[in-house]
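The structure under discussion appears below in the form of structure tokens.
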Amino acid sequence: MKDLKRTKIKHLLQENEVGQTVNIKGWVRTKRDSKNVVFIALNDGSVIHNMQVVADPNRFGEELFKSIHTGACLSVTGEITPSQGSGQKVELAAAQIEVLGTADPEQYPLQPKKHSLEFLREIAHLRPRTNTFSAILRVRHAMAYAVHKFFNDKGFFYLHTPIITGSDAEGAGEMFRVTTLDLHNLPKNEQGGIDFTQDFFEKETNLTVSGQLEGELGAMALSEIYTFGPTFRAENSNTTRHLAEFWMIEPEMAFYDINDNMDLAEEMLKYLVQYALDNCMEDLEFLNQRALEEEKNKKQEERSEMSLLERLRFVVENDFQRLTYTEAIDILKNSNHNKKKKFQFLIEAWGADLQSEHERYLVEKHFKKPVILTNYPKEIKSFYMRENEDGKTVAAMDILFPGIGEIVGGSQREERYEKLKQRVQEIGIKEEQVWWYLDTRKFGTAPHSGFGLGFERMILFITGMGNIRDVIPFPRTPGNAEF
RNA sequence: UCCUCCUUAGCUCAGUUGGUUAGAGCACAUGACUGUUAAUCAUGGGGUCCUAGGUUCAAGCCCUAGAGGGGGAGCCA
């Protein structure tokens, strides 16, 4: 009996195994005892539900159960039987219980009760053992898998772009420096600056803030590629939607114009949501319930009109609203919100960057659905975006989601050599930094497009969580790199 | 980085106008209970009131500074 292979709880709850003798291993969620019977809810992370272990205390002796508390790890062997209670169909009648690891209840911080997310962040090494975080991590896994499946099925190639980069022209924010120099004794060059020729790469290097530029190199050979990897921003951003280390998905496609780009992004977002609905329903139902409980603590006007599951279905079933920046400015300028001066930043003239209050108004109040904004003024967008015929806007597109804001940012890339070179000069990027990027426009250039999707922002939307620190196992934010 | 709010038992929180020995629920321990569902019932232990300084006869409560955390803004994905 000792050599019985472990069975996952997910399997036992799905399949009819009544009468079978099986072994399960997992962590104790709760223990309830009375004189003649002990119930232990055991969870192994394979599924959100627990297996109820039923044991006769007279058979095992009192001492065994005194060492079993919430958090302990057990190996239990016994027969799967129909449950007499109403909470579950089957349960495990224990014949053998082995304590693999105890959890001293005076020290173990997790209790069978509701904990605040703030407290759980302080014990991020243990929070995967809660229902909420195990559900999030399973959904996160499923989404990562679905990203690869989506692109693979479309014939895109997964391109591994570098994490250490020697280029600081990506322009997406402050970078983390990578060096092996002795920080207490830095070598100096003749000008009195730091002599990076003595560094590991013999030049300044940083952690990547985007794989896009390298992604374009791949698209100019393989036609359609995507990247999916960690990205680093040393911005001092303290918000519920920014991390210093996050995961980004960046497809890049030759021969796609801005409209093809939007179609792909919308199709992908819908695919991911549908995949979660098809494959993660038990976890989503739990998260839906959790979100409903949380809503009760909010003021009436801050509550969302739809539940999490309703929001997910809504995204799949409805087309995203597409409009240009110029149209958006008109809507905002003529809105009662603007006339009654309810915006902190009033919309007055064309050319201003949209504040998050404006984006929220468009998505949550005006259209009440995901919005794709296009053709922004070139002054407020990046150098590599393709200039439109009007000479003042670029073929950019941002997808805005309710509650999250910008979830996708993309554009048709400037494929004309002279135009791109001119923009590089205007912005003040040194040509020797991006010569390889300019080469793609010199040799066999082609119209192409791409976008970036913040993976954690997508997980925020799908799980209904409110803080990005709760949808990544070990969040990195300013002042915090614990665990 | 800016604005704003918070910090009291392991956790979630109450604590009146500044006034005696700082409370509750959960958790934990002990006991009871013939099948529970975050079990229930009884009893018990558990406190650097974030830190430092100040005002006062008297500070958990008022003032100053600092630390940690939440929310919002900017930057963006």
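These numbers come from a predicted model, not from an experiment.
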Between the side chain of A:N206 and the main-chain N/O of A:T165, is any donor-acceptor distance below 3.5 Å?
no

Lys/Arg N to Asp/Glu carboxylate O, A:D470 vs A:R127, below 4.0 Å
yes

Rounded C1' spacing from B:A58 to B:G19 in Å
7 Å

Quickly, which of A:R469, A:R140, A:R476, A:R241 forms a salt bridge (charged side-chain N to carboxylate O under 4.0 Å, His left out) with A:E456? Name it, please.
A:R140

Assess whether one donor atom and one acceptor atom, taken from the side chain of A:H69 and the base of B:C28, lie less than 3.5 Å apart.
no

Sugar-phosphate only, base, or nothing, as touched by A:N50 at under 4.0 Å among non-hydrogen atoms:
nothing

Give one of base, sugar-phosphate or nothing for A:S83, where a contact means two heavy atoms less than 4.0 Å apart.
base

Centroid distance under 5.5 Å and plane angle under 30°, A:F39 vs B:G35
no

B:U36, B:G70, B:C75: which one has an atom nearest the side-chain heavy atoms of A:D353?
B:C75

Could you tell me which residues satisfy ring-ring contact (aromatic ring centres under 6.0 Å, His included) with A:F39, sequence neighbours excluded, listed by chain and number?
none

Any N/O donor-acceptor pair, A:Q84 side-chain to B:U36 base, under 3.5 Å:
no

Please pick, from B:G69, B:A77, B:A39, the nucleotide with the shortest atom-to-atom distance to any side-chain atom of A:S34.
B:A39

Within the 4.0 Å heavy-atom criterion, would you say A:L243 contacts the bases, only the backbone, or no part of the nucleic acid?
base

The nucleotide from B:U37, B:G70, B:C75 with an atom nearest the side chain of A:H242 is B:C75

What nucleotide, of B:U1, B:C76, B:U34, holds the atom closest to the side chain of A:N236?
B:U1

A:F119 CZ to B:G70 C1': how many Å, rounded?
16 Å

Using OP1 and OP2 only, check whether a side-chain N or O of A:R32 sits under 4.0 Å from B:U36.
no

Starting at OG of A:S46, measure out to CE of A:M51 and round the result to the nearest 0.5 Å.
9.0 Å

Would you please confirm or rule out a distance under 4.0 Å between OP1 or OP2 of B:G72 and any side-chain N or O of A:T240?
yes

Applying a 4.0 Å non-hydrogen cut-off, can you work out what A:G452 is touching in the nucleic acid: base, sugar-phosphate, or nothing?
sugar-phosphate

Check this for me: does the side-chain of A:E106 come within 3.5 Å of the base of B:G10 through a donor and an acceptor?
no

Taking for A:M248 and for A:G479 the nucleotide of RNA chain B with the nearest heavy atom, the one nearer the 5' end belongs to A:G479

Mind calculating the distance between NE2 (A:H358) and C1' (B:A73) to the nearest angstrom?
12 Å

How about CD on A:E426, more than 12 heavy atoms from neighbouring residues, nucleotides or ligands closer than 6.0 Å, or not?
yes

Whether A:E387 and A:K378 form a salt bridge (side-chain N of Lys/Arg under 4.0 Å from carboxylate O of Asp/Glu) is what I want to check.
yes

Its dot-bracket string being built from Watson-Crick and G-U pairs below 3.5 Å, with | for another strand and [ ] for crossing, RNA chain B has the pattern (((((((..((((.....[...)))).(((((.......))))).....(((((..]....))))))))))))....

Select base, sugar-phosphate, or nothing to describe what A:Q88 touches, counting heavy atoms under 4.0 Å on all strands.
base

Given B:A77, B:G70, B:C33, the nucleotide with the shortest approach to the side chain of A:R233:
B:A77

Short side-chain N/O contact from A:R469 to OP1 or OP2 of B:G70, under 4.0 Å
yes

Of the nucleotides B:A77, B:G35, B:C75, which one has an atom closest to the side chain of A:E91?
B:G35

Rounded to whole angstrom units, what separation is found between the NZ atom of A:K31 and the C1' atom of B:A29?
12 Å

Look at all strands and tell whether A:V408 reaches a base, only sugar-phosphate, or nothing, counting heavy atoms closer than 4.0 Å.
sugar-phosphate

Looking at A:R121, does any N or O in its side chain come under 4.0 Å of the phosphate oxygens OP1/OP2 on B:G70?
yes

Quiz item: A:H115 side-chain donor-acceptor pair to B:C11 base, under 3.5 Å
no

Cation-pi check, A:K270 to A:F320: give yes when NZ or CZ is under 6.0 Å from the six-membered ring centre and within 45° of the ring axis, no otherwise.
yes

To the nearest angstrom, the NZ-P distance between A:K381 and B:C75 comes to 10 Å

